[in-house]
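All figures in this text were calculated on a predicted structure; none of them were measured in a lab. Reminder, nothing fancy here: chain letters follow the sequence lines and each chain counts from 1.
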Amino acid sequence: MSSFSFENRAGIAERYPDVFRTDWWQRGRIAILVGGTVGLFLFGIVQLDIPFNRLSQGMVRLGEFVQLMLPPSPGSWAEVLKYLHALGETVSIAFLGTLGGALLALPVSLLAARNVVANRIIRLLTRRGLDTIRGVDTLIWALIWVGVVGLGPFAGILAVICSDFGTFGKLFSEAIEVADKNPAEGVRSSGGNHLHSVRFGLLPQVFPVLLSQVLYYFESNTRSATIIGIVGAGGIGLQLAEQIRVLEWQKVSFLILLILVTVSSIDWISGKLRFAIIGKRTVA
Amino acid sequence: MDKAGRLQDLPVGSSEHPMRTAVPEFPEARLRELADRYAAAIAAKRRRVWLGAAVLIAVAIAAGWMGEVSLGNFVENFWRFPAYFVSIAPKFSFATAWSDLADWLWGLPRWARLLGDTLLIAYMGTLSGALCGFALCFLASANLVKSGTTVFVTRRVLEFFRTVPEIVFALIFVLAFGLGPLPGVLAIAIHTAGALGKQFAEVVENIDSKPVEGVAASGGSWVQVVRFGALPQVLSNFVSYALLRFEINVRGAAVMGFVGAGGIGQDLIEAVRKFYFTDVSAILLLIVLTVMLIDFLTERLRHRLLGLEGSTR
């Protein structure tokens, strides 16, 4: 046993040369990786022309803003009511956007799933279509819908529906593809047609998973619904952007606090519901 | 029926049993009881589903009222939605297809540079945010830090970083640091630190505790415990999460320009607001293509990483 003490390192190294050998190949790869990562970062600093003198000034100014933010205060009760109304709009946008997106995505995700639609071309087209929709940010959708239905939360709802449609389509089709195929085969073998096997063999398995994904996105959509007001699509983001522009810092911090509380409570509720639906298993 | 009842009474394994593979038939009363119970269970489930649907519809109607949903407005104006896409579509004719293409993508050099800037903003934001998240995640893991207060405080800070949308940080940072990519990078970095810090901490909390205990038992300091006990187990997962976040941040960086925080967003919102229709479609197409390319590349990388992890175990 004494040969394993640290004083006897040379002896151990002699007996297990493989463990103690320097792996230059591995080290070189790590060096190149780290060097590349840092190099790209430095290139970014040069390319984006990051002004370091403004960094320190900005930090000082940021500190001033934070001082001005404390304590958070809405100003008056009338303002509080206005903000709560805006918050209600935000939650409505998130809720209806998630719901609408999920309802629209369900049939389309079936088209994109390998075990439902055997036709490769339909699947490919559906997938690329969903990818395109997903590639456009919620804010951009909001800009487009504001042009269609005018300013207000309705445009926000339609924007969230659009971007969620793309996301859910992809997530749902993936969940459907990993489903166990035995129940579907059971339905087919006892005389059910293809639609029966999807309805009774496939959907009951994946439905809890889909529901939990929808609940998860409800929370994340609340976050994105807080900002689409910046382009005029209703909700609390409109108020927030306005107060930031007129430098009403106490109101800004009050609004941020309001958002934090809302998002955490929705997080909590949707977490509880998700556990109730799928048990203790976490699904991202 | 009598016969069926008699069959039930015979032990299945006995040699007197005439047909051991027969499906056992239940007496009428027992069958009816089972059928009733099945019907009751189904009815209860149906009631639950209907109740859930009713609640959902009620909430949806309330939300619709709150969100000023107006179907009349929707039906009346929906034609504008496809019409918008028609109007931003580039004008092509067979005879002059090439010069049409050149006309449509007239700003390509500028847009390509701005897209490059967008990617760099996303990259720098992700990298610095990931490093911050990396530093904070160990403090937020209950299995590595003894002090409950440290864990609690770190978690709340991370939650704050990730809940405040990055655009809001960008709005504030633009006022503090001036227009340009710097506030965009910082806003993405802060948001990323919050999001990745949480995911990293979850990974760290799920690690095997034996290596950690081993290093601690042989006299390692806290830093050594983290470096040699925890880090080798989590690194590939960390990189995978960071790549996923990079993907998300590319989308985020594309709209940073809306509030003046650099990248292609500035040109996009200008084109939308000033009705430069074909520019809108050109920029949108470039963004979508870039996002798809990045998605594809990071997915390949992540699969390779997770595959590597699988092979070494």
Out of A/Gln57, A/His85, A/Arg245, return the one with the most heavy atom pairs under 4.5 angstrom to chain B. A/His85
Minimum heavy-atom distance B/Ala63-A/Phe95, with the two atoms named: CB-CD2, 3.9 Å
Test item: A/Arg61 side-chain N/O and B/Leu175 main-chain N/O as donor-acceptor pair under 3.5 Å: yes
Less than 4.5 Å to any heavy atom of chain B: does that hold for the side chain of A/Ala241, its backbone, both, or neither? both
Heavy-atom side-chain proximity of B/Phe74 to A/Val148 below 4.5 angstrom: no
Just checking B/Tyr276: does its OH atom have more than 12 heavy atoms from other residues, nucleotides or ligands closer to it than 6.0 angstrom? no
Interchain contact, B/Val174 with chain A, by part (heavy-atom threshold 4.5 Å): neither
Going from CG on B/Leu186 to CG on A/Leu55, what distance comes out if it is rounded to the nearest 0.5 angstrom? 6.5 Å
Measure B/Arg162 against the heavy atoms of chain A and call it side chain, backbone, both or neither at under 4.5 Å. both
Could you walk me through whether A/Leu139 and B/Ile167 pass the side chain to side chain contact (heavy atoms under 4.5 Å, CB included) test, one step at a time? CA-CA 10 Å; A/Leu139 267 183; B/Ile167 284 269; 3.9 Å; yes
Chain B neighbours within residues 38-48 of chain A, where any heavy atom lies under 4.5 Å away: A/Leu40, A/Phe41, A/Phe43, A/Gly44, A/Ile45, A/Gln47, A/Leu48
Need one label for B/Phe81: side chain, backbone, both or neither, based on atoms under 4.5 Å from any heavy atom in chain A. both
Locate the shortest heavy-atom distance separating B/Tyr123 from A/Thr37; write the atom from each residue and the value. OH-O, 2.6 Å
In Å, rounded to the nearest 0.5 Å, how long is the span from CG of B/Leu171 to CG of A/Leu240? 7.0 Å
Can you tell me how far CH2 of A/Trp145 sits from OH of B/Tyr84, rounded to the nearest 0.5 angstrom? 12.5 Å
B/Phe85 versus chain A, the contacting section by heavy-atom distance below 4.5 Å: side chain
Quick check: do B/Val164 and A/Ile259 have side-chain heavy atoms less than 4.5 Å from each other? no
Looking at every heavy atom in both B/Glu68 and A/Glu89, which two are closest together, and how far apart are they? OE2-OE2, 3.7 Å
Less than 4.5 Å to any heavy atom of chain A: does that hold for the side chain of B/Ala254, its backbone, both, or neither? neither
Hey, which of B/Leu120, B/Leu289, B/Ile269, B/Val291 has the most heavy atom pairs under 4.5 Å with chain A? B/Leu120
Measuring heavy-atom distances to chain A, does B/Ile121 have an atom under 4.5 Å in its side chain, in its backbone, in both, or in neither? both
Heavy-atom pair with the smallest gap, counting every atom of A/Leu99 and B/Ala60: CD2-CB, 4.0 Å
Taking side chain as everything from C-beta outward and backbone as N, CA, C, O, which of these in B/Phe258 sits under 4.5 Å from a heavy atom of chain A? Side chain, backbone, both or neither. side chain
Let me see the working for B/Phe160 and A/Leu260 under side chain to side chain contact (heavy atoms under 4.5 Å, CB included), right down to the final yes or no. CA-CA 7 Å; B/Phe160 172 74; A/Leu260 280 176; 3.6 Å; yes
Segment of B/Val250 engaging chain A (4.5 angstrom heavy-atom cut-off): neither
Which one of A/Ile140, A/Val136, A/Thr222 has the most heavy-atom pairs closer than 4.5 Å to chain B? A/Ile140
May I ask you to decide if A/Val149's main-chain N or O and B/Asn77's side chain share a donor-acceptor pair within less than 3.5 Å? no
Between CG on residue A/Asp137 and CD1 on residue B/Ile287, distance to nearest 0.5 Å: 9.0 Å
Which pair of heavy atoms, one from A/Thr226 and one from B/Pro165, lies closest together, and at what distance? OG1-CG, 3.2 Å
Looking at CE of A/Met59 and CZ of B/Phe177, how far apart are the two atoms once the value is rounded to the nearest 0.5 Å? 4.0 Å
Which of the residues B/Met124, B/Arg80, B/Glu76 is involved in the greatest number of heavy-atom pairs with chain A at under 4.5 angstrom? B/Met124
Taking side chain as everything from C-beta outward and backbone as N, CA, C, O, which of these in B/Ile172 sits under 4.5 Å from a heavy atom of chain A? Side chain, backbone, both or neither. both
Quick one: are B/Asp295 and A/Asp131 in side-chain contact, heavy atoms under 4.5 Å? no
Reported OG1-to-CZ distance for the pair A/Thr138 and B/Arg251, which is rounded to 0.5 angstrom: 9.5 Å
Could you tell me which portion of B/Leu127 (side chain, backbone, both or neither) has an atom closer than 4.5 angstrom to a non-hydrogen atom of chain A? side chain
Start with the C-alpha gap between B/Glu159 and A/Val263, add the side-chain angles, then the distance that decides, and say whether side chain to side chain contact (heavy atoms under 4.5 Å, CB included) holds. CA-CA 10 Å; B/Glu159 198 172 295; A/Val263 172; over 6 Å; no
Can you name the nearest heavy-atom pair linking B/Met292 to A/Arg128, along with the distance? CE-O, 3.9 Å
Audit row: A/Leu143, B/Arg273, side chain to side chain contact (heavy atoms under 4.5 Å, CB included) steps and yes/no: CA-CA 9 Å; A/Leu143 265 180; B/Arg273 293 245 158 99; 4.2 Å; yes
Is it true that, when you exclude B/Phe78 itself, more than 12 heavy atoms of the residues, nucleotides or ligands shown sit nearer than 6.0 Å to its CZ? yes
Quick one: side-chain hydrogen bond (donor to acceptor under 3.5 Å, both in side chains) pairs with a partner in residues 169-184 of chain B, sequence neighbours left out? none
